[in-house]
> 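Below is the structure I would like to discuss, written out as structure tokens.
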Amino acid sequence: MTTRRKFIQLGALASVASVIKTWGKPAVKVSKPVVISTWNFGAGANVEAWKILSADGRALDAVEAGARVPEGDPKESSVGLGGLPDRDGRVTLDSCIMDEFANCGAVACLEHIVHPVSVARKVMEKTPHVFLVGEGALKFALDQGFKKEKLLTKESEKAWKEWLKTAKYKPVANIENHDTIGIVAIDTKQNLSGACTTSGMAYKMHGRVGDSPIIGAALFVDNEIGAATSTGVGEEVIRIVGSHLVVELMRQGNSPQQACELAVARIVKNQPQKSKEIQVGFLALNKNGEYGAYALQKGFTYAVYSNEIPNTIFEAKSFY
Ligand code: ASP
């Protein structure tokens, strides 16, 4: 299992990002458009999102285009193609998307489709529903013209077989057995959107769904206030309906940074012991273009792209 989180490996991203640590820095205000996304692979996603945002495109199109980047990358073992499987060896994907009108769509436990975020968008645009799961989501995707593909790569299969030797389910903070791309953006028309996509916790029980496809948990957008997204152990995010909480905390007058910190503090309060061992991170962006990030543990990185910030990876401040 590799440790992609390590900054040392950022060399590969040198053309699109540089690393700046922002311990203790307050929320930053930048001019619109802005896109922010989770983890180092957010920098690759931001590049695609920025092409759309900088051409006065819609935030919704930008976040979808961004999320598709790690989804399609077989080397990213926590999202889409090449995602680590569940304990039965099946790659099951979760994703959601939300726009400035509170339209939203989601899929969970979707197999065989490389771009669940685009299926989620179709659910939003082509059905009377918000959420399709499992076989129904797959059937819908195929009806919409998505191709059925094998998502388990040789590397992921090898990692799974290795895992089977001990078969211990204990997610370790900031390493490859979990991760999600959560991406939120505001466009030049001042509209917000967000998307989230993941293969979920590696070696989860078959049928397990985390926070990532759940509107309000891993993603929430309120075009009057702001947008938020999350990554980390989804069960803990669901318990506090994390992203909705972050947006509501911003509505109450908190900055994006304060809102992320308060949401993380809620997890600590609920689970004082467990919160020391797991990772959860939040990103938030408000209507003014201010953003914030906060995590339980050190090591949560995120990428920001705006006119002032040329696609830079930051490390979030953390509770522990
Ligand atoms: N939140 C994802 C899940 O629980 C995993 C992650 O972001 O690390 O499925």
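Ligands are counted one by one from 1 in listed order, and the atoms in each one are counted from 1 as well. Computed from a predicted model, the values in this text were never measured in an experiment. Worth knowing before you read on, the calculation uses all heavy atoms, side chains too, and leaves out hydrogens, waters and symmetry mates.
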> Would you say ligand 1 has an N or O under 3.5 Å from any N or O of D94?
no
> Salt bridge between E157 and K161, side-chain N to carboxylate O under 4.0 Å?
yes
> Answer yes when E162 and K165 have at least one side-chain N-carboxylate O distance shorter than 4.0 Å, and no when they do not.
yes
> Go through ligand 1 atom by atom and flag the ones less than 4.0 Å from a non-hydrogen atom of G200.
9 (O)
> Tell me whether R251 is salt-bridged to E248, with the criterion being a basic N under 4.0 Å from an acidic carboxylate O.
yes
> Apply side chain to side chain donor-acceptor pair (under 3.5 Å) to residues Q257 and S255 and explain how you reach the verdict.
CA-CA 5 Å; Q257 183 63 32; S255 70; over 6 Å; no
> For ligand 1, which atoms have a heavy atom of M201 less than 4.0 angstrom away?
3 (C), 4 (O), 5 (C), 9 (O)
> Does the residue E235 have a heavy-atom contact with ligand 1, meaning some pair of atoms that are separated by less than 4.0 Å?
no
> Is the shortest distance from a Lys or Arg side-chain nitrogen in K189 or D187 to a carboxylate oxygen in the other one below 4.0 Å?
no
> Regarding ligand 1, does T180 bring an N or O atom to under 3.5 Å of one of the ligand's N or O atoms?
yes
> For ligand 1, is any non-hydrogen atom under 4.0 Å from E236's backbone (N, CA, C, O), its side chain (CB onward), both, or neither?
neither
> Testing Y302, F300, Y294 one by one against F314 for a ring pair (Phe, Tyr, Trp, His ring centres under 6.0 Å), which residue passes?
Y302
> For ligand 1 and G232, I'd like to know whether there is a polar contact (N/O to N/O, distance under 3.5 Å).
yes
> Need the ligand 1 atom indices (1-based, order shown) with element for anything under 4.0 Å from a heavy-atom of D211.
1 (N), 2 (C), 3 (C), 4 (O)
> Pull out every atom of ligand 1 sitting under 4.0 Å from any heavy atom of T231, numbered as shown with elements.
6 (C), 7 (O), 8 (O)
> Determine whether D61 and R121 make a side-chain contact, defined as any pair of heavy atoms from C-beta on separated by less than 4.5 Å.
yes
